[in-house]
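Here's the structure we're looking at; comments come further down.
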Amino acid sequence: MRIELLPSSIPSSDRQFLVSFVVNDTVAIDAGSIGLLADLDRQRAIRHVFITHEHLDHIASLAIFLENVYEPGPDCVELLAAPDVLSFLHSDVFNGRVWPDFFELSSAENAFLKTTVLEPFVPVLRGGLTITPVPVSHGVETLGLIVDDGRSAVAFPSDTGPTEDLWCHLAALPHLKAAFLEASFPASLSELAALTGHLCTRTFPLEVAKLPTAVRKIVVHRKVRYAAEIAAELAALRLDNVELVRPGYVYEF
Ligand SMILES: [Zn+2]
Ligand SMILES: [Zn+2]
C-alpha cells in the first residue's frame, strides 16, 4: 500500500495546513489539498474521496477538485462520508452560492459526483482496499478510517482527542503497520486541545500506549504556529516508533 500526505504549502514544506492522504493513487482520505495537485492526471486518478468530517482543513479544495476532474458522462468521482457530512456539503458548500449545486446538477447520464453513506464499523471495498470507518472523539462527529489491503493495515484516526473504539478495533489487526496520529497542540495548550477534541503532547503518549510498540506512529496535524514546539516536546518524551510525517513522501506498507 502506498500512502502520501499531500503537501499543503507553497513551496512544499513540512508545514501542514490542510489534510489529504492519497492511497494507491485512486483513494483519497479528506479533500484539504487534492484540488491543489499541479499534476491534473494525479487528480483524475482519484476516484473515491472519503471525508472524515466537515472541518475546513479537510474539505478546503473539494469543490476545486470536483471541477478539475469533471468530464461529461456518467463516470464520476465518489464521495463517501457520514450522512450529516454529506448533507452539510450539500447545504453549505454546493448550495448554488458558495459553489454550483453539483448534487442537483448530477444525473445518471452526466454526473459531477455520486455519494455513498458511511456507517460506523461497516467496511466498504474500494480500489482493492477494505476501508472501515470507526467513530473517534472530536468536536464534531468524525470517522477515523482503517485501510486494509489484506497484507497491511494502516489507521487514519483523523482529528481526535483521547478515544477508545478505534484502538479496540485495531487490537484485532495483527498486520497493522502504522497509524497517522494527530498531535495538534503543545502541552501549554492542553485545555484548548481538550475543548476542541484534539491531542496535545500530554495526551498523545497516552494514546500511543494503546497501540502495539511495533506499529509506526506517524505524527500529523501539528498546528503550524506550534509545530516546532510540538516536535521538541515529542522528541523529549523519547517514545518508541514515533516519527514526524513527511508531506510529499510516499510511504509503503
Ligand atoms: Zn477537525
Ligand atoms: Zn483538522
Side-chain angles (χ1 to χ4, degrees), residues 3-9 13-23 27-36 49-65 79-89 91-93 98 118 120 131 133-147 154-167 178-186 189-204 207-208 217-231 234 244-248:
I3 298 170
E4 178 183 352
L5 172 71
L6 296 183
S8 58
S9 59
S13 76
D14 66 353
R15 293 194 169 143
Q16 188 190 349
F17 302 105
L18 303 169
V19 181
S20 280
F21 295 94
V22 175
V23 185
V27 168
I29 295 177
D30 286 325
S33 46
I34 48 175
L36 309 180
V49 180
F50 290 75
I51 305 289
T52 61
H53 65 301
E54 65 266 39
H55 280 160
L56 194 62
D57 51 330
H58 299 253
I59 62 163
S61 73
L62 178 62
I64 310 296
F65 165 75
L79 279 189
L80 305 95
D84 281 358
V85 173
L86 291 173
S87 117
F88 157 78
L89 288 171
S91 64
D92 290 16
V93 179
V98 175
L118 292 179
I131 301 174
V134 179
V136 291
S137 310
H138 191 33
V140 296
E141 187 185 344
T142 299
L143 292 172
L145 297 168
I146 302 164
V147 180
V154 176
F156 298 86
S158 187
D159 292 4
T160 187
T163 195
E164 293 302 334
D165 283 352
L166 183 68
W167 311 134
F180 287 85
L181 185 58
E182 73 134 279
S184 294
F185 290 107
L189 292 172
S190 57
E191 280 180 31
L192 183 59
L195 268 176
T196 53
H198 285 292
L199 296 177
C200 68
T201 52
R202 272 195 200 136
T203 47
F204 181 88
E207 297 308 293
V208 161
K217 292 93 181 173
I218 304 172
V219 179
V220 296
H221 209 275
R222 284 178 295 149
K223 298 276 183 190
V224 169
R225 60 182 296 185
Y226 309 112
E229 198 178 341
I230 294 166
L234 289 177
L244 300 178
V245 74
R246 294 163 61 190

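Both ligands and their constituent atoms are indexed starting at 1 by order of listing. Just so you know, residue 1 is the first one in the sequence shown, and it goes up from there.
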### Task
Apply side chain to side chain donor-acceptor pair (under 3.5 Å) to Ser9 and Arg15, showing your working.
CA-CA 7 Å; Ser9 59; Arg15 293 194 169 143; over 6 Å; no
#### Entry: Glu141 side chain to His53 side chain, donor-acceptor N/O pair below 3.5 angstrom
no
### Query
Hey, which N, O or S atom on His221 ends up closest to the Zn ion (ligand 2)?
NE2
### Query
Among side-chain atoms of His138 and Thr160, is any donor-acceptor pair under 3.5 angstrom?
no
### Summary
The atom of Asp57 among N, O or S that is nearest the Zn ion (ligand 2) is OD2
### Query
Checking only N/O/S atoms, does His58 have one that is under 2.8 Å from the Zn ion (ligand 2)?
yes
#### Entry: Atom name of the N, O or S atom in His53 that lies nearest to the Zn ion (ligand 1)
NE2
### Task
Let me see the working for Ser33 and Ser8 under side chain to side chain donor-acceptor pair (under 3.5 Å), right down to the final yes or no.
CA-CA 6 Å; Ser33 46; Ser8 58; 5.4 Å; no
### Asp159-Thr142 side chain donor-acceptor pair, cut-off 3.5 Å
no
#### Entry: At the Zn ion (ligand 1): angle between Asp159 atom OD2 and His55 atom ND1, to 10 degrees
160°
